[in-house]
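This is the structure I want to talk about, given as C-alpha cells.
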There are 2 protein chains.
Amino acid sequence: MHKEHTLTKNQQIIFDLIDKSPEPMKAYSILFNVQKKGIKAPLQVYRALDKLVEIGKIHKIESRNAFIACHNSSCQMAKATAFSICEICEKVTEISNDSLSKYLANFKDKDGMKYSKYNLEFFGLCKKCKVK
Amino acid sequence: MHKEHTLTKNQQIIFDLIDKSPEPMKAYSILFNVQKKGIKAPLQVYRALDKLVEIGKIHKIESRNAFIACHNSSCQMAKATAFSICEICEKVTEISNDSLSKYLANFKDKDGMKYSKYNLEFFGLCKKCKVK
DNA sequence: ATTAAATTGTTATAATATAACAAAATGTAA
DNA sequence: TTACATTTTGTTATATTATAACAATTTAAT
C-alpha cells in the first residue's frame, strides 16, 4: 500500500507534465517545458525528480536517462520495476505481471542471497514497429 | 557461441584495464588510466567501449554508468544480462543462472510479445556489507 | 597495388547531473 | 502563535557523461 504523499509545488508541476506525456521525458526537456511555470534551473528539476522516484510516483528508465509516471500500484516504492522498450520508436511500457514480479522478488543467487530491489528492461520491437 | 573478434589496439588497452579491475570502471576513470598509453580523448574511450559492448566483451551497468568485463560465456552478445549490485560498497557481480536466463528469455508480455534482449539489475547488500 | 571499410586522432561542444549556500515555506510542539 | 527544526526552494557555478564533425591513418579484401 502506498503512503500518500502531498506533492510540493515543483514536484506537482513536474509530475503532471510527466504523467501527461505519452513517452518518457528527459530532464532538460522537462526543464524547457516548465520554465514558463517559474522553474528555471536544472537542480530544481532534478530535486523534484529524485523525490518523485523515491516515493514511487515516477520511474527512471536507466538505459535512456528518462522518466515515466508509474501506472502500476504493485511496484511498491519503486523497488520492483520492469519495462519494455521499443528499439525503433522508443516507446516504453511498464510491465505489470504477477508471475514475473514474484519470480524476481523471490530470486536467490547461488549464495542464497535475495535482493531488496530490482530493475528490468526488456528490448525489442513494439507491435507497430514490427509490422513496418 | 562467440565469434572471436580481434581487438584493435585501443580496444585491447581498454579491455585489459576493465578486465583487471575488481569493480566497474567509469569512462573518465578509464581515460585517466590509459593516458600514459597514448589514449588522450574521451571519444577514443567511448568508441572502444561501444565496440566492446557490441561484441559482448564488456557490459554497461546502466544505473551506474560504468563498465565491467563479461565473465559469462552464456550472455551471447550482451543480449541477456543480469547483475547484482551492492548498494553500500557498489560491488557488482554478473549473475549467470540458467533458470533466470531461461525464464527471462522466454518471458511473454500480456500481448504475447517476446523480447530479443534484456538487462536486469538487482540491488541489495552483499555478504560483507550485510554483516557490518 | 587498389580501394573500400574500419579505426584513429583531434577539437569542439552537447547532454546529464551535482555542489554549495542562502532564503523561504512548512511542520511540530510548547 | 510563537519558536524551532526540517524540508523545500532559488541561484550560481561546476562536475560528469557523451557525441558531432572531419581529416588522417590503418586494415582487410580483392
Side-chain angles (χ1 to χ4, degrees), chain A residues 3-18 21 23-68 78 85 87 90 92 119 121, chain B residues 3-18 21 23-68 78 85 87 90 92 119 121:
Chain A
K3 176 177 184 309
E4 286 309 323
H5 285 263
T6 311
L7 301 184
T8 66
K9 185 167 121 289
N10 288 1
Q11 288 162 13
Q12 189 70 58
I13 291 168
I14 286 171
F15 175 73
D16 288 344
L17 180 66
I18 296 172
S21 171
E23 64 216 11
M25 292 196 76
K26 307 198 130 208
Y28 277 71
S29 158
I30 292 168
L31 175 59
F32 178 81
N33 275 277
V34 297
Q35 272 174 334
K36 51 188 155 256
K37 303 216 169 177
I39 297 177
K40 290 172 195 157
L43 198 44
Q44 295 176 286
V45 172
Y46 280 104
R47 282 200 284 228
L49 290 174
D50 285 352
K51 193 70 182 187
L52 292 167
V53 166
E54 184 193 325
I55 66 181
K57 299 279 289 180
I58 65 172
H59 303 303
K60 182 173 187 180
I61 309 301
E62 293 287 354
S63 65
R64 299 298 187 259
N65 298 318
F67 301 85
I68 64 170
I85 303 172
E87 291 183 295
E90 294 291 326
V92 173
N119 179 55
E121 299 181 1
Chain B
K3 175 177 184 311
E4 286 310 323
H5 285 264
T6 311
L7 301 185
T8 65
K9 185 167 121 288
N10 288 2
Q11 289 163 10
Q12 189 70 57
I13 290 169
I14 287 172
F15 175 73
D16 287 345
L17 179 67
I18 296 172
S21 172
E23 65 217 10
M25 293 195 76
K26 307 198 130 209
Y28 278 73
S29 159
I30 292 167
L31 175 58
F32 178 80
N33 276 277
V34 297
Q35 274 176 333
K36 52 188 155 260
K37 303 218 171 177
I39 297 177
K40 290 172 193 157
L43 198 43
Q44 294 176 286
V45 172
Y46 280 104
R47 283 198 283 227
L49 290 173
D50 285 352
K51 192 68 182 189
L52 291 167
V53 166
E54 185 192 325
I55 65 180
K57 299 279 290 181
I58 65 173
H59 302 303
K60 182 173 187 180
I61 309 302
E62 292 287 355
S63 66
R64 300 299 186 258
N65 297 319
F67 300 84
I68 64 170
I85 302 172
E87 289 183 298
E90 294 291 327
V92 173
N119 179 55
E121 297 182 1

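Owing to the predicted nature of the structure, the values given are computational and were not obtained by experimental measurement. Throughout, a chain's letter reflects where its sequence line sits, starting with A, and its residues are numbered from 1. Excluded from the calculations below are hydrogen atoms, water molecules and symmetry mates; all remaining heavy atoms, backbone and side chain alike, are included.
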Open item on the list: Rounded to whole Å, please give me the gap between CD1 in A:Ile55 and C1' in D:dT8.
Closed with: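 These atoms are roughly 13 Å apart.
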
TODO: Starting from C1' on D:dT16, measure out to OH on A:Tyr28 and report it in whole angstrom.
DONE: 11 Å

TODO: May I have the distance from A:Lys51 (atom NZ) to D:dT6 (atom C1'), rounded to whole angstrom?
DONE: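 Taking atom C1' of D:dT6 as the reference, NZ of A:Lys51 is at 11 Å.
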
Open item on the list: Can you tell me if A:Lys9 touches the phosphate of D:dT9, counting only side-chain N or O atoms and a distance under 4.0 Å to OP1 or OP2?
Closed with: no

Open item on the list: Taking only side-chain N and O atoms of B:Asn65, does any of them lie within less than 4.0 angstrom of OP1 or OP2 on D:dA18?
Closed with: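 For D:dA18, OP1 or OP2 has a side-chain N or O of B:Asn65 closer than 4.0 Å.
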
If you look only at distance, which donor and acceptor atoms sit under 3.5 Å apart when one is on a side chain in residues 42-53 of chain A and the other is two or more places apart or in another chain?
from: A:Gln44; atom 1: OE1; to: A:Lys40; atom 2: N; distance (Å): 2.9
from: A:Gln44; atom 1: OE1; to: A:Ala41; atom 2: N; distance (Å): 2.9

Task: Residue whose closest nucleotide on DNA chain D lies nearer the 5' end, B:Lys26 versus A:Gly38 - done: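 Nearest-nucleotide comparison on DNA chain D picks A:Gly38.
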
- [ ] Kindly write out the residues that satisfy salt bridge (Lys or Arg N to Asp or Glu O under 4.0 Å) with B:Arg64, not counting sequence neighbours, or none if the list is empty.
- [x] B:Glu90

Open item on the list: Taking the side chain as everything from C-beta on, heavy atoms only, tell me whether B:Ile68 gets closer than 4.5 Å to B:Ile61.
Closed with: yes

TODO: Mind checking side-chain hydrogen bond (donor to acceptor under 3.5 Å, both in side chains) for B:Gln11 and listing every partner two or more places apart, or none if nothing turns up?
DONE: B:Thr8

Task: Euclidean distance, atom CZ of residue B:Phe67 to atom C1' of D:dT16 [Å, nearest integer] - done: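 Taking atom C1' of D:dT16 as the reference, CZ of B:Phe67 is at 13 Å.
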
Task: A:Gln12: side-chain hydrogen bond (donor to acceptor under 3.5 Å, both in side chains) partners, not counting sequence neighbours - done: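 A:Gln12: side-chain hydrogen bond (donor to acceptor under 3.5 Å, both in side chains) contacts with A:Asp16.
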
Task: For the student: nearest non-hydrogen atoms of A:Ile18 and A:Met25, plus distance - done: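 That closest heavy-atom pairing would be CA-SD, 4.2 Å.
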
- [ ] Please name the pair of heavy atoms, one in B:Lys57 and one in B:Phe15, separated by the smallest distance, quoted to 0.1 Å.
- [x] O-CE1, 3.4 Å

Open item on the list: Here's a test of your reading of the structure: between B:Lys40 and A:Arg64, which maps to the more 5' nucleotide of DNA chain C?
Closed with: B:Lys40

Task: Presence of A:Thr8 side-chain N/O under 4.0 Å of D:dT7 phosphate oxygens OP1/OP2 - done: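 No, because none of the side-chain N or O atoms of A:Thr8 sits under 4.0 Å from OP1 or OP2 of D:dT7.
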
Open item on the list: For a quick check, with a 4.0 angstrom heavy-atom cut-off, what is the B/S/- contact string for nucleotides 22-30 of chain D, read 5' to 3'?
Closed with: ---------

Open item on the list: Test of understanding: with side-chain hydrogen bond (donor to acceptor under 3.5 Å, both in side chains), list the residues that count as partners of A:Ser63, not counting sequence neighbours.
Closed with: A:Glu121

Task: Separation between CD1 of A:Ile58 and CG of A:Leu17, rounded to the nearest 0.5 Å - done: 10.5 Å

- [ ] Round to a whole Å and report the spacing from CD of A:Gln44 to C1' of D:dT8.
- [x] 10 Å

Considering only distance and modelled atom types, tabulate donor-acceptor pairs under 3.5 Å from the side chains of residues 32-39 of chain B, sequence neighbours left out.
from: B:Asn33; atom 1: ND2; to: B:Ser29; atom 2: O; distance (Å): 2.8

Open item on the list: If I take atom CD1 from residue A:Ile55 and atom CG from residue A:Leu7, how far apart are they, to the nearest 0.5 angstrom?
Closed with: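 So the gap between those two atoms works out to 5.0 Å.
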
Task: Residue whose nearest DNA chain D nucleotide is more 5′ - A:Pro42 or A:Ala48 - done: A:Ala48

Open item on the list: Need the bend value for the helix from C:dA1-D:dT30 to C:dA30-D:dT1: angle between end axes, 5 pairs each end, nearest 10°.
Closed with: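 Angle reported: 50°, given to the nearest ten degrees.
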
Open item on the list: Need two values: the first and the last nucleotide of DNA chain C, 5' to 3', having an atom under 4.0 Å from any heavy-atom of chain A.
Closed with: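 Going 5' to 3' along DNA chain C, contacts run C:dT16 to C:dA20.
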
